[in-house]
2 protein chains.
Amino acid sequence: MCIMTNQPTNKFFTSDLNWDDYRHLVKEINVPAKTTLLQESEVSKNAYFIKKGCLRIWFNNNGKDVTFQFFFENQGVSSIESFKSGQPSLFSIESIEPSTLLVISKSNLELMVKEIPGYQAFMQEHIFQRLNHYSKLFLSHIKNNPQERYLELLAESPHIIQRVPQHYIASYLGITPVSLSRIRNKVLAEKK
Amino acid sequence: MCIMTNQPTNKFFTSDLNWDDYRHLVKEINVPAKTTLLQESEVSKNAYFIKKGCLRIWFNNNGKDVTFQFFFENQGVSSIESFKSGQPSLFSIESIEPSTLLVISKSNLELMVKEIPGYQAFMQEHIFQRLNHYSKLFLSHIKNNPQERYLELLAESPHIIQRVPQHYIASYLGITPVSLSRIRNKVLAEKK
DNA sequence: TTGGCGCGATAACAATTGTTAAGAAATACG
DNA sequence: CGTATTTCTTAACAATTGTTATCGCGCCAA
């Protein structure tokens with residue numbers, strides 16, 4: 001299982017760190033849209049931090065592209081599980097927009113982890129927040145129908161709907177692009 | 001958000017502990033079926049460990065009973081979030097079968113936590129496993145339709161289907177009892 | 001500039017699911 | 001035991017979603 005390491009309010013790569021002290025451990029890269037950063041079934045070697053742009057993680061479900069999560073500026077992306085176990089990732093990481101990323105290798109990240117005081121506590125809090133995030137997503141699916149889930153996403157994460165192509169959002173909501181298009185149409189009609 | 005403290009392979013209340021040392025901190029109770037142990041909107045004061053029977057956590061979604069998770073023998077049940085924050089629980093905890101439970105108060109649990117070496121690491125691992133559990137449930141919803149989810153549950157957790165009333169399972173799968181009944185019928189017909 | 005391609009809208013039809021209601025079957029309990 | 005209650009099934013119809021296909025628009029690169 002692939003788990004994202006970071007939340008929008010992430011300290012991992014940002015505020016609490018003096019980046020001048022770690023600059024030699026991190027590489028900045030620019031990638032065009034639709035660049036694969038981690039291929040499904042390969043072992044995760046790097047973690048990424050988004051300076052500009054957006055990424056998604058997705059997997060191939062019997063030939064169908066299923067998007068699992070979206071990431072934007074100031075978020076970190078990686079596969080904790082693949083880091084922990086050295087097992088092949090069950091997901092791919094791919095850029096949606098042209099993006100500017102910070103790249104840190106597994107070993108360098110571990111180095112930083114040791115040097116940053118209170119990291120363990122932060123990590124626990126972070127995993128706890130992830131837990132809340134996924135349990136919330138699960139709840140959204142058992143208590144809401146697709147239209148309600150779309151409206152919830154629109155209310156809570158409008159930036160996703162604004163920046164991400166619709167067919168990715170459809171699979172994230174667990175429906176087809178055609179159905180999402182219809183729902184949008186219906187919602188628009190009901191507003192008038 | 002309510003989070004379960006325990007997994008089937010749970011050390012919290014069991015194997016690694018010498019229960020004779022803690023017996024004064026824990027109370028054993030017997031409850032009939034449909035007993036509410038924690039009421040939605042109340043603050044969680046106790047954690048439970050199931051010696052015999054089964055529990056569920058659920059919430060009221062606009063008048064509809066939505067079951068979030070099931071628990072069986074040797075599992076612990078509580079609301080970490082309510083423990084942590086002292087905030088009202090967003091869920092109810094209720095017995096499904098007549099059950100024999102161990103009850104431990106929040107303060108006594110905290111006492112034990114301090115006395116048990118390596119508890120922090122265990123807690124982190126536990127939360128991590130919960131994270132995997134919920135991300136898996138979320139995945140199941142975006143990649144599978146209701147029938148596939150039912151078959152997955154049947155394959156991975158047959159004990160749930162055997163012991164839990166069907167209408168609870170239906171809400172857990174995010175569908176109506178009527179639809180679940182049809183799916184079961186269809187699956188049975190396809191087997192022949 | 002322009003052809004190709006990604007993306008979204010729409011249509012028509014099939015399949016599934018929801019809703020409501022009624023009744024049968026199983027279970028609980030005095 | 002028998003009665004109540006809970007649980008499950010089935011039916012009929014409405015609503016939603018999936019499937020397949022077509023069309024048009026905008027963007028990007030040759």
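In what follows, every chain begins at residue 1, and chains take the letters A, B, ... in the order their sequences are listed.
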Participant: Could you give the distance from CG (A/Leu139) to NE2 (B/His141), rounded to the nearest 0.5 Å?
Facilitator: 10.0 Å

Participant: Using the ring of B/Tyr168 (Phe, Tyr or Trp, six-membered ring only), decide whether B/Arg56 places NZ or CZ under 6.0 Å from its centre and within 45 degrees of its axis.
Facilitator: yes

Participant: Rounded to whole Å, please give me the gap between CG in B/Leu188 and C1' in D/dC8.
Facilitator: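 Spelled out: CG on B/Leu188 to C1' on D/dC8 is 14 Å.
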
Participant: Just by distance, no angles: are the side chains of B/Ser105 and B/Asn46 close enough, under 3.5 Å, to form a donor-acceptor pair?
Facilitator: no

Participant: Once rounded to the nearest 0.5 Å, what's the spacing between atom OG of B/Ser99 and atom CD1 of B/Ile50?
Facilitator: 6.5 Å

Participant: Do B/Phe70 and B/His159 make a side-chain contact, defined as non-hydrogen atoms from C-beta onward lying under 4.5 Å apart?
Facilitator: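 The answer is no; the side chains never approach within 4.5 Å.
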
Participant: Given atom CD of B/Gln166 and atom P of C/dA25, what is their separation to the nearest angstrom?
Facilitator: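 That distance rounds to 16 Å.
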
Participant: So, is B/His167 close to the D/dC8 phosphate, meaning a side-chain N or O under 4.0 Å from OP1 or OP2?
Facilitator: yes

Participant: Send over the distance from B/Ile96 CD1 to C/dT27 C1', rounded to a whole Å.
Facilitator: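 About 16 Å, once rounded to whole Å.
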
Participant: In whole angstrom, what separates B/Arg184's CZ from D/dT9's C1'?
Facilitator: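 Atom-to-atom, B/Arg184 to D/dT9, this comes out as 10 Å.
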
Participant: In whole angstrom, what separates B/Lys34's NZ from D/dT5's P?
Facilitator: 13 Å

Participant: In degrees, rounded to 10°, what is the bend between the two ends of the helix from C/dT1-D/dA30 to C/dG30-D/dC1, using five pairs at each?
Facilitator: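 About 50° separates the two local helix axes.
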
Participant: I need the CD1-C1' distance between A/Ile169 and C/dC7, as an integer number of Å.
Facilitator: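 Rounded to the whole Å, the gap is 12 Å.
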
Participant: To the nearest 0.5 Å, what is the distance between CD1 (B/Ile175) and CZ (B/Arg149)?
Facilitator: 7.0 Å

Participant: For the residue pair B/Phe68 and B/Phe91, does the interplanar ring angle fall in the parallel (under 30°), tilted (30 to 60°) or perpendicular (over 60°) class?
Facilitator: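 Because their plane-to-plane angle is under 30°, the rings of B/Phe68 and B/Phe91 count as parallel.
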
Participant: Without hydrogens or angle criteria, can the side chains of B/Tyr134 and B/Gln69 be said to hold a donor-acceptor pair below 3.5 Å?
Facilitator: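 Yes, B/Gln69 and B/Tyr134 have a side-chain donor paired with an acceptor closer than 3.5 Å.
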
Participant: Is there a donor-acceptor contact under 3.5 Å linking the side chains of B/Ser140 and B/Glu152?
Facilitator: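 Result is yes, a qualifying pair exists.
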
Participant: Tell me: CD of A/Glu148 to P of D/dT16, nearest whole Å?
Facilitator: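 The distance from CD of A/Glu148 to P of D/dT16 comes to 11 Å, rounded to the nearest Å.
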
Participant: Could you run down nucleotides 17-30 of chain D 5' to 3' and tag each one B, S or - for protein heavy-atom contact under 4.0 Å?
Facilitator: BBBB----------

Participant: Please report, rounded to the nearest Å, how far the C1' atom of D/dT7 is from the CD1 atom of B/Ile161.
Facilitator: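 Result: 16 Å.
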
